[in-house]
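Read the structure below first, then the notes.
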Amino acid sequence: MALPSSEVSGQDSSISSWIHMLHALPVPAAIVDSAGVTLAANRWIDTWQGEQLLRPASEETAPGLALGVDSESRWRVRPLDDDAQYLLATAEREDAGDHLLRQFFSSGDALFVVYDQAGRIIESNAAWDSLLGYSAEETFGLDSWSLLPPDEAAVQEQVETELRTYSRSEPRFHMRNADGDYRLIQWALHFDAAVGRCFGIGRDITEEGREAAELHRRAYTDELTGLSNRAHLLLTLDGYLETADMPAVLFCDLDHFKLVNDSLGHSAGDALLAALGRRLESLQIGPESLVSRLGGDEFVVLLRNADREYAAQIAREMLDMMSSPFIIAGRSLHVGMSIGIALAKENPESRSSQVLLSEADTAVYEAKANGRSSVVVFDDELRSANERRLNVEDGLRHALQNDGLEVHYQPIVDVESKAIVGVEALVRWRRCDGELIGPGGFIDVAEDAGLLPAIGLYVMEHAMRLGSEFSANGVDMLISVNVSAQEVSNNRLVDDVQSLLRRTGMRPSNLLLEITESAVLNTDVALPLLHELRGLGVSIGLDDFGTGFSSLAHLRTLPIDVVKVDRSFVADLVTDEVTRAVTASLISLCDALGLFTILEGVETEAQSCAVEDMRGGMAQGYLYYRPMPASVLRSIILPPVAIAA
Ligand code: C2E
Ligand code: MG
Ligand code: MG
């Protein structure tokens, strides 16, 4: 800043210094006389509609103070503030203008300061004095740069360069007040080389700054653990990827966290997550890393530059860290963790944070499938498995929206007469290329993607329409539909079944809902649900009995009507004495409990005879019928007239 001029001094300020001040205003501003003639206007006016500026002042303008236009375009007397679109001061004569402007600049909250070329203050208004707490004498001649905090010293050079080059600068920096505290000020500075003065208008934004910092903190912090959140992780990871670093994402997921929540309550779950957050933070992984929580029990450790060995070493340290128990709610808990790693270094095409994260997610999923407390690194093999999953998921969503699913039906026969007594509805997916895919090719993906309830509804509706059609044609038989664990737990099953029964006209007594034992292990949820379903008049079957969790006690305690004996029993029936004996006892136990049995997977005559000898009730299998489309089933079941119709 050059040329201090005796023209402008603290005690001698003519209207010209105030006119200079206009140039520092960050909004359109002008000084006009009462006839509407513009005496001075700042740079914002150039692009601004002149006529409006020249509009005659109303009575409201009488005192000749600042004017602004509010949102309804009415003229208002206003001090300088954020909402004012422009300022206008009217003056009868130039000397009166000085008085009026002085009045204007000394009222209001805005800080007005005139600096000399060395940055010394030679003029200031009352707002400045009261905000920073220096007396007029202390302020006069004060070196404003001496009020900067040391860590913002670089601002001085930036401002001086901007003023030299562009004559203006709009910096934001802290200034120390008389009490030694700092206020954050947003400045609009204008340097007039002709008079060697810098005119500044400032606004105290300390509170806004605090709020902004708090908002920033909240936007990027996970409240429960105080760690970075997903947004901050993505931002940091994007930054690492942009600077051509080779970051590694270590995706961690607690094993059986749900059990802790369910058995000890949510506050114990929260306490465990917070404690885990502290352990992860204590890892010695250096400043170029980030520990974050995505939500639930998912945490991500991000390393700025890592190869496979280094990432695996950190993962091992993390697993070691889990070996000592957590003390939660007075109990000692041993908790395992699975870790999936994705490395930008090994997958150079994974140059997006979303892709890297989803790869790490896939790897952690694999780690869980491999047995928990393990580490899996995402590689080509996983990539193709992942691609398949994504393709299947896309295809299924498309099929659901475009009627691309089909329901096939496998007859269930009476073991003695071999007459068809019912059918089981089995879903099929007709791919875009025309190939028909059985549930084995997509059920697992549908389950992970949460699509089973939608698929279940589709199948149920088709099956019930068929059941209703059969009844209308005088054929009453069992229509059996599989119900997934997801449908059991999503609280909509009873309503859905009820409304479908109403809509399709299906007789409830003909409907059998097949549920696997594993879906009804949580008896607190399952018992009321099964009772409600039976209350609708439908029957319940326990599917695949004899696999996995099977418990004979369930046959007595669960409100069920039918037991479907798994095909593994039938498979060994002819060759294995023990299986034969167990199956025979199971059938008589069911009989004693008043339960019907359906033996699944009868493929040979010998098996069929064995089932018949045991008085197995009903059976199902390729020997009798394979699953078939509804049209084929109709031709077997319905009288020819009904089919033609
Ligand atoms: P599931 O409920 O036990 O259905 C019986 C499965 O055994 C069917 O396979 C059927 O085609 C097959 N099967 C029948 N007889 C024989 C036989 O003699 N030998 C052999 N090896 N297999 C036989 P599918 O249609 O592939 O269905 C497999 C599983 O997918 C079903 O097992 C069921 O758990 C599930 N599923 C099928 N449709 C649906 C559905 O609409 N919803 C739900 N949630 N699950 C379904
Ligand atoms: Mg079934
Ligand atoms: Mg089954």
Side-chain angles (χ1 to χ4, degrees), residues 396 399-400 404-413 415 420 422-430 436-464 466 478-490 492-493 496-497 500 511-520 539-550 560-574 596-608 610-611 616 618-630 632-633:
L396 281 179
L400 270 168
L405 295 180
E406 288 180 21
V407 186
H408 285 204
Y409 299 88
Q410 183 178 33
I412 298 168
V413 301
V415 293
I420 297 177
V423 288
E424 177 175 7
L426 296 160
V427 68
R428 304 288 181 258
W429 166 35
R430 176 78 65 188
L436 196 65
I437 312 288
F442 62 85
I443 277 283
D444 56 336
V445 178
E447 183 171 6
D448 293 341
L451 294 175
L452 284 185
I455 293 177
L457 214 56
Y458 182 97
V459 173
M460 224 181 278
E461 173 156 6
H462 282 72
M464 286 202 204
L466 190 73
L478 218 50
I479 305 282
S480 189
V481 177
N482 292 284
V483 173
S484 64
Q486 277 176 8
E487 288 162 274
V488 168
S489 56
N490 83 352
R492 300 204 31 196
L493 189 59
D496 286 345
V497 171
L500 278 178
L511 183 63
L512 175 68
L513 297 179
E514 295 187 14
I515 299 176
T516 56
E517 248 183 324
S518 53
V520 291
S539 307
I540 307 290
L542 209 51
D543 203 0
D544 304 335
F545 190 82
T547 57
F549 297 92
S550 291
I560 53 172
D561 308 277
V562 174
V563 173
K564 296 195 74 174
V565 180
D566 190 68
R567 83 160 182 264
S568 53
F569 285 80
V570 176
D572 295 341
L573 214 51
V574 183
F596 293 97
T597 47
I598 300 176
L599 286 112
E600 298 188 285
V602 178
E603 292 181 350
T604 64
E605 281 294 348
Q607 287 166 349
S608 180
V611 169
M618 293 172 276
Q620 187 181 347
Y622 292 169
L623 174 72
Y624 313 118
Y625 298 95
R626 287 187 172 255
M628 57 188 79
V632 178
L633 182 69

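Order of listing sets the numbers, starting from 1, for every ligand and every atom in it. Along the sequence shown, the residues carry numbers beginning at 1. Just so it is clear, the model here is predicted, and its values are computed rather than measured.
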My question is simple, although I want it checked carefully: is atom 4 (O) of ligand 1 less than 4.0 angstrom from any protein heavy atom?
yes
Considering all protein heavy atoms, does one lie under 4.0 Å from atom 32 (O) of ligand 1?
no
Protein residue, atom and distance nearest to [atom], heavy-atom basis:
atom                    : value
atom 6 (C) of ligand 1  : Arg567 NH1, 4.4 Å
atom 37 (C) of ligand 1 : Pro439 CG, 3.5 Å
atom 43 (C) of ligand 1 : Asn482 CB, 3.6 Å
atom 18 (O) of ligand 1 : Tyr622 N, 2.9 Å

Return the [atom1] to [atom2] distance between [X] and [Y], rounded to the nearest 0.5 Å.
X      : Y      : atom1 : atom2 : result
Ile560 : Ser539 : CD1   : OG    : 11.0 Å
Met460 : Asn482 : CE    : CG    : 9.5 Å
His408 : Arg626 : NE2   : CZ    : 13.0 Å
Leu623 : Glu603 : CG    : CD    : 9.0 Å
Asp444 : Leu452 : CG    : CG    : 9.5 Å
Glu600 : Ile412 : CD    : CD1   : 9.0 Å

Spell out, as yes or no, whether a donor-acceptor pair under 3.5 Å connects the side chain of [X] to the backbone of [Y].
X      : Y      : value
Gln410 : Tyr625 : yes
Asp561 : Ile540 : yes
Tyr409 : Leu633 : no
Gln486 : Glu447 : yes

All side-chain hydrogen bond (donor to acceptor under 3.5 Å, both in side chains) counterparts of Tyr624, not counting sequence neighbours
Ser608
Test Ile455 against Ile443 for side-chain contact (heavy atoms from CB on, under 4.5 Å), laying out the working first.
CA-CA 10 Å; Ile455 293 177; Ile443 277 283; 5.8 Å; no
Which one holds for [X] and ligand 1: side chain close, backbone close, both close, or neither close, with close meaning a heavy atom under 4.0 Å?
X      : answer
Val602 : backbone
His408 : neither
Lys564 : neither
Val459 : side chain

Looking only at N/O atoms, are Glu487 and ligand 1 under 3.5 Å apart anywhere?
no
Please confirm whether Ile455 comes within less than 3.5 Å of ligand 1 when only nitrogen or oxygen atoms on both sides are compared.
no
For ligand 1, which atoms have a heavy atom of [X] less than 4.0 angstrom away?
X      : value
Gly601 : 16 (C), 17 (C), 18 (O)
Val427 : 38 (N), 39 (C), 40 (C), 41 (O)
Glu603 : 17 (C), 18 (O), 19 (N), 20 (C), 21 (N)
Asp543 : 1 (P), 2 (O), 3 (O)
Glu600 : 3 (O)
Gln410 : 10 (C), 14 (C), 15 (N)

Result for side-chain hydrogen bond (donor to acceptor under 3.5 Å, both in side chains) between Ser480 and one of Glu514, Gln620, Glu424 points to Glu514
Test side-chain contact (heavy atoms from CB on, under 4.5 Å) applied to Trp429 and Leu396, step by step:
CA-CA 8 Å; Trp429 166 35; Leu396 281 179; 4.0 Å; yes
For the Mg ion (ligand 2): protein N/O/S atoms at distances below 2.8 Å:
4
Close approach of [X] to ligand 1, heavy atoms, under 4.0 angstrom:
X      : value
Gln620 : no
Gly456 : no
Pro627 : yes
Leu452 : no

For Val488, the option from Thr516, Val483, Leu513 that meets side chain to side chain contact (heavy atoms under 4.5 Å, CB included)
Val483
For Pro411 against Val423, the heavy-atom pair lying closest together:
CA-CG1, 3.8 Å
Looking only at heavy atoms, which two atoms of Val497 and Leu511 are closest? And how far apart?
CG1-CD2, 4.2 Å
Where the closest heavy atom to atom 25 (O) of ligand 1 is concerned, which of Arg626, Glu424, Glu514, Arg428 has it?
Arg428
